[in-house]
Structures are given as C-alpha cells and as structure tokens.
Amino acid sequence: MSTGPSISAKPTPLGQLWWLNPSWVFGMGTVGTFFLALMLSNKAYDLYESPKYLKFEHVWIPLTAWLALEIGRRIGSSWQRGRGDTGEGIIEDVNWWFFATFSLTLAACSLLVLNGLRNGLSLGVIKENLLSAPEDVSKELVGEVVVYIPGVTTATQFGIICVLLGLWLDHYGRKYVRKYIAVIVGLAVMRALLFHERLALIEVMLPMGLMILRFAWLSRPLSPNMKLLFRVGPVVGLISMMLFFGTFEYFRSWKHYRNQFDSIAEFTVWRLGGYYSTSVNNGALGWERQGQRPLPFATLNALWEFPLVEKSPYSYEELTGLNPPKSHELMLKQYGNYEYNSLGGLFEPLRDWGVIGSIFWWVGFGAVLGWAHRGYLEGSLIGLLLYPICFTSLLEMPRFIYLSHPRALAALLVIVWLGWRLLMKARRERRLEPQFSNVPATFPEARG
C-alpha cells in the first residue's frame, strides 16, 4: 500500500535558467560593473591613465535604469499573442532567408578581402601584424591594408542571423545547413584574429550558444549535477570570458605590453578590468562635460550611421552641427585615455533623452527584452532569433548599446521582415476562420 506520492528518479527538464532573465543579466553585468568601477580608487584609474569621474552621486542612474527595465520586462512578458510561428509551416521562408543571408555575408567578406589584396594583403603582412613587435610592423593590417567599406562592412553582419536561422532549420531536420554555419563561424574567427574584431566572433558564437541551449538543454531531461552546472553558468561564463579575452589579446595587444607585465594572465586581468571600468567612467565624463545631446544619437545609432543618411542633408552633423564620435574622441584625448574609448552604454539613454526621457527609454527597452525572452522560452521563431541578440546587447551594455548599433542592424531587419510575414500569414488564417464557426470545437485552443 502506498504511503505517499512516489518520487520519480528520472531526470527532468531544466525548463529555464535564472540568469537568462534580462533583469538578472542587466543587474549582474551593467549594474555590477558600475559598482565595481565606482569602488576603484583614483590610483587604480591612474594605471589606465585616466582621472576618475565616476562619483557616488551617479548611483541613482544604474538603480533607476534597473527598476525601469524590470517594469518594462514585466509589461513585455505579459503581452498576449498567438504563436503560429513554429514548425513546418514556415520552413520555406526561413530556408530562403538562411541562404540569402549566407550569400550576403560571404559576398561582403570576399569584397573586403579583395580590397585588402589590392592594398597589399599577404600572408607575410598577416604574420608580421600578429607576431611582431609594433616597431617592426611596416604596414598596419587594419586601416591601412584592410579598409572597411560602408555598406559592405554592415553586410558582413548578416552572418549573425544566418547562423541562428541555420540552427533553427537544423533543429527541424535540415542537417545540410551545418556546413554553411561552419563557413560563417570560420569567417568570424578570421575577422577576430586578423582584423582585431573580437566582437565579430562573440556576436556569432554567443547567440549560437543560446539557441543550442534552448533546443538541446532547456527542454531535455538532465541529472541534478548537470542542472547545478547550468545554474552556476555565470561563473563558468566569467572564466570562459577571461580565457577568450586573454587568447585574443595575446595576438592583439600583448605585443605592446609584454615588457610591462610578468605574465599574460596578469595582463589579461588588468586589461579586461580597464575595458569595463573605463567604459563606465567615460560615460560619467561625457555626462559631466558634454551633457545631453540636442538629438538622440547612441540610441538611434544605426539610423544616423546608415550610409544613405550619414552622407545626406539629414545627417546628425547637418541637423545639429555636432559629430558625437569626433566629440567623444576629442574629449577623451583631453580629459581621459583614448585607448579605452568606449562610450559607456549605461549613460547613453540619459545623454540622448534626458532624465525623464531615459526612464521611458529603459521601460521600452525592458519591454522588448521581456517580450523576446518569453518568446525564446516558448520556442517561437521570432523570440529564438531576437533574444540571443538582445542578450548580447545586455552583456555589452557597460560599453555601448549594441541593439541600436549598426552591427545589429542587418539581423534586426531580417527579424522584422520575418515577423511581418508571420503576422500577415496569421491574419490571412484568421480571415478563413468564420467559415468554420459553426463547427463544434474538439480541441482546446493552443495558447502561446
């Protein structure tokens, strides 16, 4: 005779992870970075050749942003919508866009390499830049040999959405996409190593990791030990980030500093700390020295740097008489250290919209995050495509607003187009429903 409910020994799915919640990511990453930067002494900033501008009176900025983002997240995650965007019904649309974005990425990278060959790109130049000391380099690889071309450079970013679409297709049995995904990852590695674009690899591999996590692990039965491993993911992630950062800094900056540090490990910790602490400090410097901008710039960066707008009479400089990137550069050369030139994403909504406006911006940003996060957990196509990119933006927020940057534009355009197509498809299906209105319902309505 049973004395109580039986306890199953079978592993159960993980379901969701606490650190995937946008508010937790923002709190640990951006708010946490702010307080770590605030605790650094003036002498610590002297090591980065920059005065300390961050003050205790700035504490309200991250706390208000965090609260507003959480309010927005709750609003976004509560929005009701029919899913209607999973499975075989949309395979053809996704397949078409996968190959379109693959072709665009490959063509753009090829044009950059061809242009580099015209400027003297060779294995010798690559080896010289990777391994030689700065004084022994005859020709700089980036800027002198590899020159970025407006529009073409942006098109290389289609690789981000290409790998996500490919993983979605792979999940639904289209295994032929794997070789194409491998090509995109290879191009990202090339950009990271040869062109010093570490972010080019991060913005491909991180979203891929989140997509694989959703398909392969969140809904898969796991043992208690595996669940524990996933739940301490931020610790594993921090260690991985330091190893990743140190590996690429070895080829990027170590040759400049190898005589000043005892080991690459010591240099990595110092360098990584500088990237994030000076970013927040630069944000405080910009708010103190330059204040609010006449028109929003950083939160609409992709618009202002779009080639057709940037060179038109409606460019930011033509409309306001200001060039924010140049102003930022001059400010750092006068008051800070231009080697650490990140804007500091936490302060950018404040500088774009003012105190009240920035609160509304954080609520709106949080709503997008909440909506995308819910869709990601539910397995909807748009959520699976959008949230990994939002997650990248959250991790990069201490440095800049990735989601509004031109780097994210190509992926977002494809997501918006697919979302519009799915919306039109759902509306067409709803228009056909009245002819079945007299048929008794057999199954309960599926809800997203």
Report the residues that fulfil side chain to side chain contact (heavy atoms under 4.5 Å, CB included) with [X], sequence neighbours left out, ordered by chain and then residue number.
X    : value
P325 : F297, N323
V152 : A108, L111, L112, I149
M190 : V113, L187, L194, F195
L409 : A302, F306, L413

Where at least one partner belongs to residues 184-194, residue pairs that pass side chain to side chain donor-acceptor pair (under 3.5 Å), sequence neighbours excluded:
T156-R191, Q157-R191, R191-E197
Side chain to side chain donor-acceptor pair (under 3.5 Å) contacts in which one or both residues fall within residues 393-402, not counting sequence neighbours:
E203-Y402, E396-R399
Could you list the residues that satisfy side chain to side chain donor-acceptor pair (under 3.5 Å) with [X], not counting sequence neighbours?
X    : value
Y340 : R271
R198 : E249
K311 : none
R293 : E348, D352

Determine, for E70 against R73, whether the closest basic-nitrogen to carboxylate-oxygen distance falls under 4.0 angstrom.
yes
Within the side chain of Y53, is there an N or O that forms a donor-acceptor pair under 3.5 Å with the backbone of R289?
no
Which side-chain N or O atoms in residues 354-369 pair as donor and acceptor under 3.5 Å with protein atoms at least two apart or in another chain?
{"from": "S358", "atom 1": "OG", "to": "G354", "atom 2": "O", "distance (Å)": "3.0"}
{"from": "S358", "atom 1": "OG", "to": "V355", "atom 2": "O", "distance (Å)": "2.8"}

Could you tabulate the donor-acceptor pairs under 3.5 Å formed by side-chain atoms of residues 29-39, not counting sequence neighbours?
{"from": "T33", "atom 1": "OG1", "to": "G29", "atom 2": "O", "distance (Å)": "2.5"}

